[in-house]
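Structure first, then comments.
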Amino acid sequence: KAKQFSKFWKINNYSSSLLTLKNYKIDLLIISVNTGEHFKLLKEISRYDIKYIICEKPFCSNFNEAKEINELFVKSKKIIFINYTRAFNESFLFLKNCLENKKLGNFENGSIHYMKGIKNNCSHAIYLLTILFSELYPNKLLSVKSNNKYSNDLDIDFTCYTKNKKPIYFLANTNNKINYFQILLF
């Protein structure tokens, strides 16, 4: 189909998107493939002269991969952005401002209820809270359960603290029939 498309529109067709990197000057590259492919692709891309890269979340499959990619990109002075649209949502930015300026009173604690694994769903809440509070510090692991539906993911109950030592509780619901995460801030 790709060959037919390129012939019809009189454009070049490549068997691999990486081949285009050799033939064109790319200003911005968007990585939107399965998470398991991110690490390999990001390592390959680090060798090309592309300054800006947007990568879908989750960035990599594990911490060690993310650390290695980060080191490669810092060394090569490339800018990588993790696509997470909530980071720019006006409502979340308003809430961040309210929390920072204590317009809603002092933040005392929070709880996160999530389903379908820490990587699949809870990672959204963690990233959002990192935006809202600037920093989160892991505190205590409460329980770890295998996620039957997502075999490469876990349901983990744990606590974190904000920089002001306020607790946030993360609680996994193992019912995988619906998909959600809920954030309660007090």
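Model, not experiment: these values are computed from the prediction. Hydrogens, waters and symmetry mates play no part in the numbers below; they use all other heavy atoms, side chains included.
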Report task. Measure across Ser146 and Leu154 and return the closest heavy-atom pair with its distance rounded to 0.1 Å. Result -> CA-CD2, 4.1 Å
Report task. Keeping the roles fixed (side chain from Asn89, backbone from Ser91), state whether a donor-acceptor pair exists under 3.5 Å. Result -> yes
Query raised in the report: Going from CG on Leu41 to OG on Ser46, what distance comes out if it is rounded to the nearest 0.5 angstrom?
Result: 10.0 Å
Review item, side-chain donor-acceptor pairs of residues 71-82, under 3.5 Å, at least two apart:
from: Ser76; atom 1: OG; to: Leu72; atom 2: O; distance (Å): 3.0
from: Ser76; atom 1: OG; to: Phe73; atom 2: O; distance (Å): 3.4
from: Lys78; atom 1: NZ; to: Tyr48; atom 2: O; distance (Å): 2.5

**Report entry** Reported NE2-to-NZ distance for the pair His124 and Lys116, which is rounded to 0.5 angstrom
**Finding:** 11.5 Å
Requested in this report: Applying side chain to side chain donor-acceptor pair (under 3.5 Å), name anything that partners Gln182, two or more places apart in sequence or on another chain.
Outcome: none
Report summary line: Phe107 meets the ring-ring contact (aromatic ring centres under 6.0 Å, His included) criterion, sequence neighbours left out, with Phe133
Report task. Give a yes or no answer on whether the side chain of Glu65 reaches the backbone of Ser61 with a donor-acceptor pair at less than 3.5 Å. Result -> yes
Query raised in the report: Is there side-chain contact between Ile118 and Phe158, with heavy atoms separated by less than 4.5 Å?
Result: yes
**Report entry** Smallest separation among heavy atoms of Leu42 and Cys55, with atom names
**Finding:** CD1-SG, 4.2 Å
Requested in this report: Using atom types as modelled and distance alone, determine if a side-chain donor or acceptor of Asp153 lies under 3.5 Å from a backbone N or O of Lys119.
Outcome: yes
Report summary line: Heavy-atom closest pair (Ile53 atom, Leu28 atom, distance to 0.1 Å) is N-CD1, 4.5 Å
**Report entry** Under the side-chain contact (heavy atoms from CB on, under 4.5 Å) test, residues paired with Asn101 that sit two or more places apart
**Finding:** Asn97, Lys103
Requested in this report: Linking directly or through intermediates, with side-chain heavy atoms under 4.5 Å: list the remaining ILVMFWY members grouped with Phe94, chain and number order.
Outcome: none
Report summary line: Residues at least two apart in sequence or cross-chain that pass side chain to side chain donor-acceptor pair (under 3.5 Å) with Ser123, listed by chain then number, are Lys57
Query raised in the report: Any side-chain heavy atom of Phe170 sitting closer than 4.5 Å to one from Cys122?
Result: yes
Report task. Go through the steps for Ile30 and Asn83 under the test side-chain contact (heavy atoms from CB on, under 4.5 Å), then give the verdict. Result -> CA-CA 9 Å; Ile30 299 172; Asn83 185 19; over 6 Å; no
Contacts under 3.5 angstrom, residues 161-169 side chains, donor-acceptor by atom type, not counting sequence neighbours:
from: Thr162; atom 1: OG1; to: Asn164; atom 2: N; distance (Å): 3.3
from: Thr162; atom 1: OG1; to: Lys166; atom 2: N; distance (Å): 3.2

Query raised in the report: Same hydrophobic cluster for Ile11 and Phe8, using side-chain heavy-atom links shorter than 4.5 Å among ILVMFWY?
Result: yes
Requested in this report: Look at atom CG of Asn62 and say whether more than 12 heavy atoms of other residues, nucleotides or ligands are closer to it than 6.0 Å.
Outcome: yes
Report task. I would like to know whether Lys43 and Ile69 meet side-chain contact (heavy atoms from CB on, under 4.5 Å); could you show each step before the answer? Result -> CA-CA 7 Å; Lys43 276 183 82 165; Ile69 294 301; 3.6 Å; yes
Report task. Begin from the C-alpha positions of Leu185 and Asn109 and carry the test side-chain contact (heavy atoms from CB on, under 4.5 Å) through to its verdict. Result -> CA-CA 6 Å; Leu185 304 175; Asn109 64 62; over 6 Å; no
Requested in this report: Considering non-hydrogen atoms only, spot the tightest contact between Asn34 and His38 and give its length.
Outcome: O-CD2, 3.4 Å
**Report entry** Flag side-chain contact, heavy atom, 4.5 Å: His113 against Ser111
**Finding:** yes
Report task. Could you tell me whether the side chain of Tyr114 and the main chain of Ile156 form a donor-acceptor pair under 3.5 Å? Result -> yes
**Report entry** side-chain contact (heavy atoms from CB on, under 4.5 Å) evaluation trace for Ile45 with Ile31
**Finding:** CA-CA 10 Å; Ile45 287 166; Ile31 297 175; 3.5 Å; yes
Query - Distance-minimising heavy-atom pair for Leu132 and Leu99 - result: CB-CD1, 4.1 Å
Query raised in the report: Are Leu29 and Ile54 close enough that some pair of their side-chain heavy atoms sits under 4.5 Å apart?
Result: no
Requested in this report: Could I get the full list of side-chain contact (heavy atoms from CB on, under 4.5 Å) partners for Leu93, not counting sequence neighbours?
Outcome: none
**Report entry** Cluster companions of Leu171 among Ile, Leu, Val, Met, Phe, Trp, Tyr (side-chain spacing under 4.5 Å)
**Finding:** none
Query raised in the report: Among all residues two or more places apart in sequence or in another chain, which pass the ring-ring contact (aromatic ring centres under 6.0 Å, His included) test with Tyr52?
Result: none
Report summary line: Hits for salt bridge (charged side-chain N to carboxylate O under 4.0 Å, His left out) against Glu44, two or more places apart or cross-chain, chain-then-number order -> Arg47
Using residues 138-145 as the side-chain source, report each donor-acceptor pair under 3.5 Å to any protein atom, sequence neighbours left out, with the distance given to one decimal.
from: Asn139; atom 1: ND2; to: Thr159; atom 2: OG1; distance (Å): 3.0
from: Ser143; atom 1: OG; to: Asp157; atom 2: OD2; distance (Å): 3.0
from: Lys145; atom 1: NZ; to: Asp157; atom 2: OD2; distance (Å): 3.4

Query raised in the report: Taking atom CG of Leu136 and atom CG of Leu129, what is their separation to the nearest 0.5 Å?
Result: 5.5 Å
